[in-house]
Protein chains: 2
Amino acid sequence: MNKKDAGELSGVKEIARRAGVSAATVDRVIHKRKGVSNKTRDRINAIIAELNYQPNLHAQRLASRKVVHIATLVPESSDETSFWVGPLKGIEEAELEVMQYSVKVHKYFYNQNNKKSFVKQAKAILKARPDGVLLAPSFMEESVHFVEDCEAQGIPYVLMDSDIPGRSNLSYIGPDLYQSGLLAAHLSSYLLQEGDKVLIVNISKEIDNDHHLLRKEEGFRAYYKEHGREGIIIKRDIHQLDHASIEAGISRELQRNRSIRVIFVTNSRVSAVAAYVQRLPQKVILIGYDFLKENIDYLHDRTIDFLICQKPQQQAYKGVMALYQHIAFSAPLEKVHYMPIDIITKENFSSYEK
Amino acid sequence: MNKKDAGELSGVKEIARRAGVSAATVDRVIHKRKGVSNKTRDRINAIIAELNYQPNLHAQRLASRKVVHIATLVPESSDETSFWVGPLKGIEEAELEVMQYSVKVHKYFYNQNNKKSFVKQAKAILKARPDGVLLAPSFMEESVHFVEDCEAQGIPYVLMDSDIPGRSNLSYIGPDLYQSGLLAAHLSSYLLQEGDKVLIVNISKEIDNDHHLLRKEEGFRAYYKEHGREGIIIKRDIHQLDHASIEAGISRELQRNRSIRVIFVTNSRVSAVAAYVQRLPQKVILIGYDFLKENIDYLHDRTIDFLICQKPQQQAYKGVMALYQHIAFSAPLEKVHYMPIDIITKENFSSYEK
DNA sequence: AAAATTTACGGGCACGTGCCCGTAAATTTG
DNA sequence: CAAATTTACGGGCACGTGCCCGTAAATTTT
């Protein structure tokens, strides 16, 4: 680690020297503040372009006396699913990393089965006027509303886990749900023998509003349609989340159709299905979603064969970081950032990075 | 973005105030320099612990007048495989990110088929005395030697892509090769019907020295051994890299054994196998390694069914960054950091993050 | 043409840390 | 016990940027 060759100055001072002005004037040009004659401004801008000046982020952040406020709005983790523990960890990881640099993260939570709680929290955020918002939308109509309010107030926001269909021009970090369904279909296609059937299972209180499930199912069906084998798909919607209802739904389908060999559960509730499937005499292949304790347990004893996962923790982490970079350093917000689609099996789950 | 509530000081100055000394003295304690009485040192250390003081990295980096030199030693990308383009990109990505902060990355390359070139480059690095080294080892004996020299000179180093078997206590970022073979076996097990066989293909000039291939094969075999089905495995080593030799090797096995249904190629040369398999009348399932243009093309037309991949670009990026963090901020070097094992198919390759 | 205002710019401090240099006080040496 | 040396500490500048404040010069108003 050698000493730096000192001597020539760099950054704003170097620009100032070349332009024959003071650093303060260069600063005014960079920040587009007034108080500089057009002539000087042009001269300085030319030099900035010529040197391809990039500000030193360390110095910038150090000198800035601003506190950045970021608000996050995600579901609280419930008994029904521990999925949201992951994103929360991601948020906290990011928080820990940036908090010593004058950034505050304000965490808001809503109940996934309760629209009102979402609206209430959204209102609270708007009142607090943060510098940026990370949102995991669940209730489509209300989410659209909230996002519009943010735009009206000029608050940048990032969506995660699920986008809002039909709306472009916003920043999204999360899975490509359609591709994810396609992939599940591709995987399952290898496992089917002549005459076998596939059962798609949607488990949600509001399936019709659940963009997540619907989009995955679309992708899944699209694959078999492309291959002219739509006929082998059977589908079952289950609107109650308790184990008894789920078991009843699945067992009915299995009795009705003996040749079901693969079950594709479109979300993380796959463990509830596994609890039933485990007790069956015949082997049924189970494909589901998300790296959760309860799912991994069934993966471990091979009741669940594949889990598809999209790094929920990293999603949230990246969401917060992207916002921070955008606000603090005016870095551009990527329009869409699809997370990789990971396939987890008994063999590789131990090295899976959340 | 509000103004920060000014008033109370923070960092070193706050510690100094509480201890009733100057900031310079605190600084001496932090950096373990002499010139402080034991009494004062203890008092200051207590306060540091109490406040859980973490230095401001922005200020630290800004104030430091050191230039950090990092050397990287990886294979040059050849006609035979474009694999090393990925890691190189990762290195350059990291370089771009840190170069404005007084970090210089010096890139050295060797020819994978030429031990001497490796030794020569290694020597050149030692002579340049960098602050850290990122190494992708190929020739085991020579790599061990190089690593020992680094240790002797006190230069921290990180291995990537392949570790050195039997040596612990070094930093490694890359795949868990054994697990990777296990996973391939698990995948393949779903695709086999009664009576089918699996063909393992190793393609390398120095198979016996190639830790990569051997370790993957071990994992693969272990899976079938565990399930009492070792008998279905057939193996073929191919020592020449040209297409004709590869084709000859594969076709011989296929003729000898008509029930081969799955071919597992233990490295990125799978595309050469695909070129042959594509022309066969029957469908053979192909599993191979690495996200390369030539492999993706065959994935796209479904000649290759699965590619296993371990984010080569990210490996290199993380390697450089880990070194930088370690040297510049004396962050700890993780002993082992296994990259996730990703399964790439036609459906998900477009969202794969290298 | 003098006064009031606006424009255009420079000086200088602050952010938190690293580190050189100067100097009283403590200790060792003659 | 004075002189030489060592120890223990404080002062202060630098890193590159942000931004407040002061002030000549240019422009407008009376």
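By convention in this document, chain letters (A, B, ...) are assigned in the order of the sequence lines, proteins followed by strands, and residues within each chain are numbered from 1. Atom set for the values below is all heavy atoms of this structure, side chains included, hydrogens, waters and symmetry mates excluded. Remember, predicted model here, so these are calculated numbers, not experimental data.
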Between D:dT17 atom C1' and A:I15 atom CD1, what is the distance in whole Å? 11 Å
Within this structure, what is the NZ-to-P distance between B:K32 and C:dC19, rounded to whole angstrom? 15 Å
Side-chain contact check for B:R28: nearest option of D:dG10, D:dG16, C:dG10 is D:dG10
Has A:S64 got a side-chain N or O lying under 4.0 Å from the OP1 or OP2 atom of D:dT17? no
Phosphate oxygens OP1/OP2 of D:dG10: is one of them under 4.0 Å from a side-chain N or O of B:T25? yes
Below 30° counts as parallel, above 60° as perpendicular, anything between as tilted: where do the rings of B:Y110 and B:F118 land? perpendicular
NA contact type, A:N56, heavy-atom cut-off 4.0 Å: base, sugar-phosphate, or nothing? sugar-phosphate
Within the side chain of A:D161, is there an N or O that forms a donor-acceptor pair under 3.5 Å with the backbone of A:G174? no
Do any side-chain nitrogens or oxygens of A:K66 fall under 4.0 Å of OP1 or OP2 in C:dC15? no
B:Q60 has an atom CD; how far is it from atom P of C:dC19, in whole Å? 10 Å
Under the side-chain contact (heavy atoms from CB on, under 4.5 Å) rule, collect the residues that match up with A:Q153, sequence neighbours excluded. A:L126, A:R129, A:I155
Nearest to side-chain heavy atoms of A:A24, which nucleotide of D:dC19, D:dT17, D:dC9: D:dC19
Using heavy-atom distances to pick each residue's nearest nucleotide on DNA chain D, tell me which of A:P55 and B:A23 is more 5'. B:A23
Of the options C:dG16, C:dT17, D:dT17, whose atoms approach the side-chain atoms of B:V12 most closely? C:dT17
To the nearest angstrom, the NZ-P distance between A:K13 and C:dG10 comes to 15 Å
Quick one: is D:dC9 close enough that its OP1 or OP2 comes under 4.0 Å of any side-chain N or O from B:T40? yes
Rounded to whole Å, please give me the gap between CG in A:N38 and P in C:dC9. 10 Å
A:L57 CG to D:dT17 P: how many Å, rounded? 10 Å
Rounded distance [0.5 Å steps], CD1 in B:I173 versus CG in B:L323: 8.0 Å
Counter-base of C:dT27, judged by Watson-Crick or G-U geometry with both distances under 3.5 Å: D:dA4
Closest heavy-atom contact between B:P75 and B:S138? CG-OG, 4.3 Å
Over all strands shown, is B:H31 touching base, sugar-phosphate only, or nothing at heavy-atom distances under 4.0 angstrom? sugar-phosphate
For B:E14 and B:Y53, does a side-chain donor sit closer than 3.5 Å to a side-chain acceptor? no
Assign each of A:K34 and A:V21 to its nearest nucleotide of DNA chain C by heavy atoms, then name whichever residue's nucleotide is nearer the 5' end. A:K34
I need the CZ-P distance between B:R61 and C:dC19, as an integer number of Å. 11 Å
Sugar-phosphate only, base, or nothing, as touched by A:Y53 at under 4.0 Å among non-hydrogen atoms: sugar-phosphate
Between C:dG16, D:dG18, C:dC19, which nucleotide has the shortest distance from any of its atoms to the side chain of A:L62? C:dG16
Scan every strand shown for a Watson-Crick or G-U wobble partner of C:dG12, both distances under 3.5 Å, and answer none if you come up empty. D:dC19
When you measure from the side chain of B:D27, which nucleotide among C:dT17, D:dC9, D:dC19 comes out closest? C:dT17
Provide, to the nearest angstrom, the distance between the CD1 atom belonging to B:I44 and the C1' atom belonging to D:dA8. 11 Å
